[in-house]
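Bear in mind the structure is a predicted one, so any value in this text is a computation, not a measurement. Proteins come first, then strands; the chains are lettered A, B, ... in the order of their sequence lines, and each starts at number 1.
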Amino acid sequence: MSTGTPKPLPSSGQKSLQDICHPLSADESALSLHNSSTVEKDLILPNGTPLDTSSPASSSSLLNRLQLDDDLDGETRDLFVTVDDPKKHVSTMETYITYRVCTKTTRTEFDLPEYSVRRRYQDFDWLRNKLEESQPTHLIPPLPEKFVMKGVVDRFSEEFVETRKKALDKFLKRVADHPVLSFNEHFNAFLSAKDLNKRLGLALLTKMGESVKYVTGGYKLRGRPIEFAAMGDYLEVFTQKLGTIDRIAQRIIKEQLEYLAELREYRPVYSSWSSFEEDLHDPLEGVAGHVSNCSSALEELTEDMSEDFLPVLREYVLYIEAMKNVLKKRDQVQAEYETKLDLVVFREDKKTPVPTDVERCQDRLECFNADLKADWDRWQNNKRQDFRQLLTGMADKNIQYYEKCLASWESLIPLLQDKQEAKGETN
Amino acid sequence: MADSGSEDIAVIGNTDLTPSESENNIKNAKKPMIEKGTSLLKRMEISVAEAEKRTGKNTVNMQETYTVYLIETRPVDAALEGTNPVPDSLWRRYSEFELLRNYLLVTYPFVVVPPLPEKRAEFVWHKLSADNMDPDFVERRRVGLENFLLRVASHPVLSYDKILYSFLTEENGWKENVFETGFQAKADSRLKALNATFRVKNPDKRFADMKHYGDDLQSVISQLLRVRARAADRLYGVYKVHGNYGRVFSEWSAIEKEMGDGLQSAGHHMDAYAASVDDILEEEEHYADQLKEYLFYADSLRAVCKKHELTQYELEMTAQDLTSKKQQREELATGTVRTFSLKGMTSKLFGQETTEQREAKLKMLETQIEEGEELVKERNAECEEFVKSAWVDVEMFKEQKDRDLREALISYAIMQISMCKKGIQVWNNAKECFSKM
């Protein structure tokens, strides 16, 4: 667990610099290092005694980690966070919404196993800023958009609040799942403190000083290493594709709503027809009713897609932006290092040892690269799961729509055929 | 369609009877038959087998392109015996069908004459061509023309008509035959019919109700067809936009490693989904055609009602004429003037007529009255006869309509079910691909 003042190299968690092998020597080891450090973390019993890592329990959890499905299973996860129960607060100064944040954990870093606190968007924003400052080499998940155009969107409408709640929930879950971020003291405070405001005050002061550290300005980068350049390229294309998918989804919803408007016209016409028919009265009324059922089902589908699908898609764009920013920060660190190194090399005197300043830059760079790669892999994995879930959800919603319509029409058939047999008998 | 509506067991050229339809025919056979016998369809297989484009000079000596339809006929016995002789065939164009129908309308005004498929494509949704030369339109028209012939040939009255037989069997000379009947002269003028509608005093209530029914039916089916056309347009849009997913998933899969395959295959399913709408809408077109048939049938129904109004009106006019003549006779005989007449006035002003003049007039009136009474009897009989035969046909039409429309609704529901099942399948396939991402 990190102490009060953020370390320059927080990426390794518990371990100090000397105990870790050079991150750039082997990607694999760096990755497994994160995993093993997390494994160790997870297997420390509440009373503080470390578990024997050769026990069956640990190897099974290692096995879990090697599986394709890399989300932390129930047995290894020890921190659960949820956001729910939005409530409106009205005061003389302002009106705002708070959300309940529930935490369940077995980690010793927390005093209690359970917490329930109320937080508003401002608080989430504070947390994100603290995380960005204190863990500058890590990708911090994004928050939903802060600013909402008043008059265009109702900030207090059920849909808006619901969408925002889901995004905030996602945010906290992503932080909780991160092997480094989840141990951040600010995160701890966010989850547990009764009153964040005191901390806020302190934080404001310290914020000024720290932000200077990583605003390395003005250094020119010679070139991104291939792997990071590849990441940048990927993000560019991915952003484009997401944009296209968003447009397509919107277009589909629009077309569906227009189709819905026409479908709704059927009912009155069939009803009107049935009113001057005798024998056909019931079948026509039946058709009127069933077309109506299909209309309702379609309405539900469009609502679901608007409320569940589109927001998640959009939030991913923010996630990509966050990743791009981290890449840029990394570039800056590399630039600083290279510039300082060049200055040193210029000096003819080779006997003078490399100044610690440059050395520190190098270390910083190497750790940043390692963290970034680890985060990138994690991000890719999460992305894969998130989209699998999102697209499967989309398929499910469409299937449900068709199943509702199918059930409706199938129940109509016997109604239509019944009369025929009855009629035949009376003749 | 016709095969389920005919009272006789119809052997039809191009369509197969489904189990439900043949069951239906058996049920119909149990019903009291209006005129079981040897209606044309019992003796002869009829089908409109093909359509072809022809070019030729029209009446104003200009080149034109038109479509002809091949009518094939074959005696039923031959088919039953197992031998399969080559059917007789001839080509007819749409205008000849129209001519036949007009002839039937005039010659059998008490029959609800089956309608022809529409002359021009109406109630189209945008992807469907409104062009008469469009192959899909021609195909649907071919089916409609066959349906028309089957209905006519199985009608207990119409099927015996010689001109109909000639239409089916004599390629040349048929037109002359039709014109020779002089049916065009017998046609009632529109004006005459309209006049009668406004002025008739005592039409049979059943026919008045039927006319209203025809109006309502026409109105509601038109509305339905309009809504359907718009809905078809929209549905097309919904499905086609999903095709864009196919493309973007493909592009996206190119930058992915593990997700790539799943995305790519899912994209293919989205393409399949988008493409499936064409078949769906084509099937729906069939339902629209069934509705259109009854849209046009409403016109035939109204025509029968209007004919009744006309005959009733003519009867009333004749009766009124007779009454006024009788009154005149009375006045002349008794010398009292009960009604105002110019004659009365002039005679008052210029003096009475001579006895001889009066006697002559009286005699003329007597003759006229006698003739008038005969005419009234005739017209009355005509009217009664018309009402009787027309009502029989109207009842038959009602039953047929109920049957046909009910079946149309059933097949519509079946079509919707099929569409839903296809949708479920495609999305399940896509879901499987997504879950493998």
Side-chain angles (χ1 to χ4, degrees), chain A residues 68 233-234 237-238 240-242 244-245 247-249 251-252 255-256 258-263 265-266 269-270 272-273 276-280 283-284 286-287 290 294 380 383-384 387-388 390-392 394-396 398-399 401-403 405-406 408-410 412-413 416-417 419-420 423-424 427, chain B residues 24 27 30-32 212-213 216-217 220-221 223-224 227-228 230-231 233-235 237-238 240-242 244-245 247-249 251-252 254-259 262-263 266 398-399 401-403 405-406 409-410 412-414 416-417 419-424 426-428 430-431 434-437:
Chain A
L68 273 175
D233 290 340
Y234 172 88
V237 180
F238 189 43
Q240 264 178 42
K241 296 309 154 200
L242 279 190
T244 309
I245 293 176
R247 276 192 298 282
I248 295 173
R251 177 82 189 277
I252 289 177
E255 295 282 343
Q256 282 173 337
E258 287 179 344
Y259 176 56
L260 184 62
E262 297 305 336
L263 268 190
E265 298 281 312
Y266 271 129
V269 178
Y270 276 112
S272 156
W273 188 358
F276 57 83
E277 290 283 352
E278 289 165 27
D279 199 57
L280 289 176
L284 288 169
V287 172
H290 290 268
C294 293
Q380 282 286 9
K383 175 207 75 182
R384 193 173 154 201
F387 275 95
R388 189 190 302 155
L390 185 69
L391 292 172
T392 314
M394 172 173 90
D396 270 331
N398 276 281
I399 291 169
Y401 158 69
Y402 278 115
E403 280 179 345
C405 291
L406 179 66
S408 184
W409 287 112
E410 279 182 334
L412 177 64
I413 299 256
L416 293 176
Q417 288 175 328
K419 275 299 175 89
Q420 263 188 328
K423 198 179 175 235
N427 275 354
Chain B
N24 222 2
K27 279 191 196 151
K30 285 193 201 140
K31 288 199 222 148
H212 285 137
Y213 172 78
D216 289 340
L217 188 67
V220 93
I221 293 184
Q223 278 178 54
L224 202 54
V227 174
R228 189 209 79 90
R230 286 199 303 263
D233 256 335
R234 294 289 161 222
L235 189 66
V238 170
K240 283 302 175 188
V241 179
H242 278 86
N244 294 339
Y245 272 145
R247 194 171 48 233
V248 77
F249 284 167
E251 291 166 6
W252 180 9
I255 58 168
E256 294 291 345
K257 294 180 206 112
E258 304 108 340
M259 278 169 73
L263 270 177
K398 271 202 283 196
E399 280 184 20
K401 169 209 59 143
D402 285 340
R403 239 179 0 243
L405 288 177
R406 186 186 287 267
L409 290 176
I410 291 175
Y412 181 68
I414 289 175
Q416 294 291 317
I417 287 170
M419 180 175 103
C420 290
K421 285 190 176 160
K422 277 188 216 159
I424 291 173
V426 166
W427 281 104
N428 263 325
K431 182 177 168 183
F434 289 141
S435 62
K436 288 193 191 135
M437 260 173 29

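- Taking CD from Gln416(B) and NE2 from His290(A), the interatomic distance works out to 12.0 Å, rounded to the nearest 0.5 Å.
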Assess the residue pair Leu405(B) and Trp273(A) against the criterion (side chain to side chain contact (heavy atoms under 4.5 Å, CB included)); give the C-alpha distance rounded to whole Å, side-chain angles, the decisive distance to 0.1 Å, and a yes or no. CA-CA 12 Å; Leu405(B) 288 177; Trp273(A) 188 358; 3.7 Å; yes
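- Ala249(A) touches chain B through backbone and side chain together, each having a heavy atom under 4.5 Å away.
- With sequence neighbours excluded, the residues satisfying ring-ring contact (aromatic ring centres under 6.0 Å, His included) with His242(B) are Tyr245(B), Tyr273(B), Trp427(B).
- Contacts between Tyr401(A) and chain B at a heavy-atom distance below 4.5 Å are absent for every atom of the residue.
- Minimum heavy-atom separation, Met259(B) to Phe387(A): CE-CB, 4.1 Å.
- Of the atoms belonging to Ile221(B), it is side-chain heavy atoms, and not backbone ones, that fall under 4.5 Å from chain A.
- Contact check on Glu258(A) versus Arg230(B) returns no salt bridge, with no Lys/Arg side-chain nitrogen under 4.0 Å from an Asp/Glu carboxylate oxygen.
- Looking at every heavy atom in both residues, Ile410(B) comes nearest to Gln417(A) through CD1-CG, 3.7 Å.
- Residues Trp252(B) and Ile245(A) have side chains in contact (heavy-atom distance under 4.5 Å, counting atoms from C-beta outward).
- Residue Asn244(B) holds its CG atom at 4.5 Å from CD1 of Ile248(A), rounded to the nearest 0.5 Å.
- Per-residue heavy-atom pair counts under 4.5 Å with chain B were compared for Val269(A), Leu263(A), Val237(A), and the maximum is reached by Val269(A).
- Of the listed residues Leu217(B), Ile417(B), Val426(B), Asn428(B), the one with more heavy-atom pairs under 4.5 angstrom with chain A than any other is Ile417(B).
- Salt bridge Lys241(A)/Glu256(B): absent, no basic N to carboxylate O contact under 4.0 Å.
- When each of Leu242(A), Asp233(A), Leu390(A), Leu280(A) is checked for heavy-atom pairs under 4.5 Å with chain B, Leu280(A) comes out on top.
- Closest approach of Ile255(B) and Tyr234(A) over heavy atoms only: O-CE1, 3.4 Å.
- Checked for salt-bridge contact, Arg406(B) and Asp279(A) meet the test: a charged N lies under 4.0 Å from a carboxylate O.
- Closest approach of Ala231(B) and Tyr266(A) over heavy atoms only: CB-OH, 4.1 Å.
- Interface residue Glu277(A): only side-chain heavy atoms are found under 4.5 Å from chain B.
- Looking only at heavy-atom pairs under 4.5 Å with chain B, the residue among Leu406(A), Leu284(A), Asp396(A), Leu391(A) that has the most is Leu391(A).
- Between the CZ atom of Arg388(A) and the OG atom of Ser435(B) there is a distance of 8.0 Å, given to the nearest 0.5 Å.
- Distance check, rounded to the nearest 0.5 Å: CE of Met419(B) to SG of Cys294(A) gives 7.5 Å.
- Residues that satisfy the salt bridge (charged side-chain N to carboxylate O under 4.0 Å, His left out) test with Glu255(A), not counting sequence neighbours, are Arg251(A).
- Taken from CD1 in Ile424(B) to OH in Tyr402(A), the straight-line distance is 9.0 Å, to the nearest 0.5 Å.
- When all heavy atoms are compared, the tightest approach of Ala395(A) to Lys431(B) is CB-CB, 3.7 Å.
- Put simply, the side chain of Arg384(A) gets close to the backbone of Met437(B): a donor and an acceptor are under 3.5 Å apart.
- The candidate from Ile252(A), Val287(A), Thr244(A) with the greatest count of non-hydrogen atom pairs under 4.5 Å with chain B is Ile252(A).
- At a 4.5 Å heavy-atom cutoff, the contact between Leu263(B) and chain A is made by side-chain atoms alone.
- Atom CD of Gln240(A) sits about 8.5 Å away from atom CD of Glu251(B), to the nearest 0.5 Å.
- Contact of Ile413(A) with chain B is made through the side chain alone, with heavy-atom distances under 4.5 Å.
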